[in-house]
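Just so it is clear: chains get the letters A, B, ... in the order the sequence lines come, proteins before strands, and each one is counted from 1. Note that these values count all heavy atoms, side chains included, but never hydrogens, waters or copies made by symmetry.
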Amino acid sequence: MVVSILHRATGVALSFAGLGILTWWLFALSSGPEAYATFTKVATSPLGLVVLIGITWSFFQHLLSGIRHLVMDTGAAFELGVNKTFAILTIVGSIVLTAAVWFYVLGVAK
Amino acid sequence: MSIGESATPLGRVRGLGSAQHGGEHWLTERVTSVALLFLGTWLLASLLMLPKLDQRTLIEWLHAPSGAIPMALFVIIGFRHALDGVKVVVDDYVHEEGSNFALNTLFLFAALAGGAIALFALARIAFGSVA
């Protein structure tokens, strides 16, 4: 239940914030150094980082719960125990993967 | 018990077939989701594997066909999948016909505009000179 709601919420977040930022990022990238500097300044501000980390988590959560829904579309994994374990794994997985990505990014780049 | 007396709404509509384009929409949403599984993973892995995330490195990456083509696919399929997904949410929560149509049309225009802007920017990078 919770994971199903998260799938929707993260899907909406990715649709608006995710694709919005992707589009801004590509446009800034193609518009020259000043436009890109503005993007970088906003993206690397504390609020910008929180949003980017949120989008990364939304991406992983939506991807993992999406795989779960694809499996369930085949009629599998409806048994209570299996279903619940799978749901919990999507949350654990999304948090672990988000942490791994951002420890890597903040540790290595720049 | 005849179909008309069925206890649940689901029971009444089962067996009647699709009312509109639900089947096609349902399948498209899933096909695009599998495509995005690969393209999304590609995008994230590519960004993480780039030596630096400065403008020059990113433009070189998207200037090459190996970067530009998957990114174009990601933009097109990503906006399509978002449009299909948001429509499910709108249809679930906004039942009044006029508002439902208005919201779905607004999001259709937003997806087309966003996709066009992103593809234009990508084309400018892919076909432009490397800075």
Side-chain angles (χ1 to χ4, degrees), chain A residues 4-5 7-40 43-44 52 55-56 58-60 62-74 97-98 100-110, chain B residues 26-27 29-34 36-38 40-41 43-45 47-59 61-63 71-72 74-75 78-79 81-90 92-93 107 110-111 113-128 131:
Chain A
S4 178
I5 293 168
H7 189 70
R8 288 210 154 179
T10 53
V12 170
L14 290 167
S15 296
F16 291 93
L19 287 178
I21 291 170
L22 176 84
T23 302
W24 179 26
W25 173 63
L26 284 173
F27 197 80
L29 202 51
S30 74
S31 301
E34 279 163 42
Y36 197 65
T38 309
F39 174 84
T40 315
T44 55
L52 288 180
I55 286 173
T56 311
S58 296
F59 169 78
F60 282 125
H62 195 80
L63 185 149
L64 293 173
S65 53
I67 292 174
R68 175 170 172 265
H69 281 295
L70 286 174
V71 170
M72 288 169 68
D73 283 342
T74 70
L97 287 167
T98 306
V101 164
W102 281 94
F103 277 125
Y104 179 78
V105 170
L106 297 175
V108 175
K110 278 167 238 143
Chain B
W26 186 90
L27 193 60
E29 205 184 5
R30 271 134 195 94
V31 172
T32 51
S33 78
V34 175
L36 288 170
L37 195 59
F38 293 103
T41 309
L43 176 58
L44 187 66
L47 286 172
L48 291 177
M49 275 157 35
L50 285 173
K52 278 162 72 184
L53 289 176
D54 64 330
Q55 192 170 17
R56 189 191 183 85
T57 313
L58 289 166
I59 286 178
W61 167 53
L62 291 175
H63 185 72
M71 182 60 97
F74 181 80
V75 167
F79 272 100
H81 184 76
L83 184 63
D84 285 339
V86 169
K87 181 177 162 52
V88 173
V89 177
V90 170
D92 268 358
Y93 301 118
F107 291 146
I117 294 169
L119 284 180
F120 169 79
L122 182 61
R124 198 153 61 161
I125 296 168
F127 301 126

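Per-residue counts of heavy-atom pairs under 4.5 Å with chain B were compared for A:Gly20, A:Pro33, A:Gly66, A:Gly18; the largest is that of A:Pro33. Between chain A and the options B:Leu119, B:Leu47, B:Asp92, heavy-atom pairs under 4.5 Å are most frequent for B:Asp92. Of the listed residues (B:Val89, B:Leu36, B:Leu58), the one with the most heavy-atom contacts under 4.5 Å to chain A is B:Leu58. Of the residues considered (B:Ala82, B:Gly78, B:Ala121, B:Gly128), B:Ala121 shows the highest number of contacts with chain A, using heavy-atom pairs under 4.5 Å.
Heavy-atom distances place the side chain of A:Leu70, and not its backbone, under 4.5 Å from chain B. For a residue to count as touching a neighbouring chain, one of its non-hydrogen atoms must lie under 4.5 Å from one of that chain's; by this rule A:His62 touches chain B with the side chain only. For chain B, the nearby part of A:Phe59 is the side chain; its heavy atoms alone come within less than 4.5 Å. If you measure heavy-atom distances from A:Thr56 to chain B, you find no contacts under 4.5 Å at all. The part of A:Ile67 that comes within reach of chain B is its side chain, from C-beta onward, which places non-hydrogen atoms under 4.5 angstrom from that chain. Looking at A:Trp24, there are no atoms closer than 4.5 Å to chain B (heavy atoms on both sides), in backbone or side chain. Residue A:Ala37 does not touch chain B at all, counting heavy-atom pairs closer than 4.5 Å. Residue contact with chain A, scored on non-hydrogen atoms closer than 4.5 Å, involves the side chain of B:Phe120 exclusively. Proximity to chain A (any heavy atom under 4.5 Å) is restricted, for B:Leu44, to the side chain, taken from C-beta onward. With a threshold of 4.5 angstrom between heavy atoms, A:Leu22 approaches chain B through side-chain atoms but not through N, CA, C or O.
Atom CZ of residue B:Arg30 and atom NE2 of residue B:His81 lie 8.5 Å apart, to the nearest 0.5 angstrom. For the atom pair CG (A:Leu29) and CZ (A:Phe39), the distance works out to 8.5 Å, reported to the nearest 0.5 Å. Remark: A:Leu64 CG to B:Leu37 CG distance equals 9.0 Å, nearest 0.5 Å. The distance from atom OG1 of A:Thr40 to atom CH2 of A:Trp25, rounded to the nearest 0.5 Å, is 11.0 Å. Rounding to the nearest 0.5 Å gives a distance of 8.0 Å between CZ of B:Phe127 and CG of B:Leu122. Rounded to the nearest 0.5 angstrom, B:Phe74 CZ and A:Leu19 CG are separated by 6.5 Å.
At least one test fails for B:Arg56 against the ring of A:Tyr36: distance under 6.0 Å to the centre or angle within 45° of the axis.
The closest side-chain heavy-atom distance from A:Leu63 to A:Leu97 is not below 4.5 Å.
Contact detail for A:Phe16 and B:Val86: the closest heavy-atom pair is CE1-CG2, 4.0 Å.
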